[in-house]
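Remarks on the structure that follows.
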Protein chains: 2
Amino acid sequence: MRLSTRGHYGLKAMFDLAQHYGSEPIPLKTVAERQNISDNYLEQLIAILRKAGLVKSIRGSQGGYILAREPGNITVGDIIRAMEGPIAPVDCVSEVEPAECTQADSCITRTVWAKVRDRLAEVMDSISLADMLRDAENLLENKQ
Amino acid sequence: MRLSTRGHYGLKAMFDLAQHYGSEPIPLKTVAERQNISDNYLEQLIAILRKAGLVKSIRGSQGGYILAREPGNITVGDIIRAMEGPIAPVDCVSEVEPAECTQADSCITRTVWAKVRDRLAEVMDSISLADMLRDAENLLENKQ
DNA sequence: AGAAAACCTACTTTTTTACTCAGGTTTAAC
DNA sequence: GTTAAACCTGAGTAAAAAAGTAGGTTTTCT
């Protein structure tokens, strides 16, 4: 039950953009440095986020990336689904196009994984980037 | 966020043993056939379950496997932890020995994954093999 | 003794992951 | 219009993990 670096880095990058939402576009290289990710690799990952409509790019000098929507309107679930595909502990309970399973109607392990899937989706969909910004602020306050 | 076949097959095998709890030991080959798993492969998997203390083996002719505890006392979480290791969407929030992270105190994505981990553990620990047996019975009744 | 079954270890193949690299295209400041 | 900074694309690759195979040894029941 691990996330790949795609999901992990994807959320990091999106959170970085959220922290600078409202100002100029952020160059990929800047995000990569701040989040400690190879920029060649991040370039590929951010392309996925762009195609999923989660970020917008501004090309050319002084260009960069910005969130496509406000942080309150983008959830962890959105990002993870974009980066890792539909949530599905096992193929036969995928959120979209579940794999065929001959014993689907009597398979009890299947109903277990459906419950796990639903809880996973529930928690990921309940956390927005705005929530994360709020958490970051609180963390900072408690430190001082 | 996928399970490997280890966890998937592991739960299937354990559920199979649960369905025959209280009678003679079940040969591995029988479980493998019923659950449609290569018996060579299942042999490796069940060795993990045995070392984790979840099943007992009876050697020799008429031998086989039985659950080490009653079905109400074995949870999906027990089985998945045995088969896949500690629950941890990313290494830095592993249930045991979380990986070092230089920004641990200010990393917000980390707190997200901790929440995901806790929900995962919660749902898996709340379902026992006995619960699954009950579900199976209900499913059967509704069919008739 | 013979058969059935667990046990053990090592090997192989396949798939996925996590990158890297090379070369392009577009834009905007100057 | 040149140049630099940025985005875009696709191919390639090394390492790791996953999934499965194979063959032999030991134990115990009959």
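Here is the naming used below: chain letters follow the sequence lines, and residue numbers restart at 1 for every chain.
Regarding A/R2, its CZ atom lies at a distance of 16 Å from the P atom of D/dA16, rounded to whole Å. Distance, A/I48 CD1 to D/dC7 P: 16 Å, rounded to whole Å. Nucleotide D/dA6 holds its P atom 14 Å from the CG atom of A/N40, rounded to whole Å. Protein atom CG of A/L42 is 16 Å distant from nucleotide atom C1' of C/dT17, rounded to whole Å. C/dA5 atom P lies 10 Å from atom CG of B/L28, rounded to whole Å. In this structure, the CG atom of B/L3 is 17 Å from the P atom of D/dA17, given to the nearest Å. Separating the NZ atom of B/K56 from the C1' atom of C/dA6 is a distance of 16 Å, rounded to the nearest angstrom. Counting to the nearest Å, the P atom of D/dA22 and the CG atom of B/D39 are 11 Å from each other.
Between A/S57 and D/dC8 there is a side-chain polar atom (N or O) within less than 4.0 angstrom of OP1 or OP2. A close approach under 4.0 Å does occur between a side-chain nitrogen or oxygen of A/Y65 and OP1 or OP2 of D/dC8. Checking the phosphate oxygens (OP1, OP2) of D/dC8, a side-chain nitrogen or oxygen of A/R50 falls inside 4.0 Å. Using a 4.0 Å cut-off, no side-chain N or O of B/S61 falls inside it from OP1 or OP2 of D/dT27. The phosphate of C/dC19 (OP1 or OP2) has a side-chain N or O of A/Y9 nearer than 4.0 angstrom.
Checked by distance alone, B/Q62 brings no side-chain donor or acceptor within 3.5 Å of a matching partner on the base of D/dT27. Residue side chain A/R59 reaches the base of C/dT25 through a donor-acceptor N/O pair under 3.5 Å, judged by distance alone. Put simply, the side chain of A/Q44 and the base of C/dT20 share a donor and an acceptor less than 3.5 Å apart.
Residues A/T30 and B/S4 both approach DNA chain D. Their nearest nucleotides, taken by heavy-atom distance, put A/T30 toward the 5′ side. When each of B/S38 and A/P27 is assigned the nucleotide of DNA chain D with its nearest heavy atom, A/P27 is the one assigned upstream, toward the 5' end.
With hydrogens and angles disregarded, no donor-acceptor distance shorter than 3.5 Å links the side chain of A/T5 to the backbone of A/H8. Using a distance-only test at 3.5 Å, with no hydrogens or angles considered, a donor-acceptor pair links the side chain of B/S128 to the main chain of B/D131.
Distances were taken from every side-chain heavy atom of A/T5 (C-beta onward) to each of C/dC21, C/dC7, C/dC19; the shortest belongs to C/dC19.
Each of B/I37, B/D39, B/N40 was scored for a side chain to side chain contact (heavy atoms under 4.5 Å, CB included) with B/L28, with one residue passing: B/D39.
Residue A/I46 is out of contact with every strand shown, counting any heavy-atom pair closer than 4.0 Å.
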Run the salt bridge (charged side-chain N to carboxylate O under 4.0 Å, His left out) test on A/D16 and A/R34 for me, step by step, so that the C-alpha distance in whole Å, both residues' side-chain angles and the decisive distance to 0.1 Å come before the verdict.
CA-CA 8 Å; A/D16 191 286; A/R34 274 199 296 242; 2.7 Å; yes
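For the pair A/L120/B/R119, no side-chain contact is recorded, criterion being any heavy-atom separation below 4.5 Å from C-beta on.
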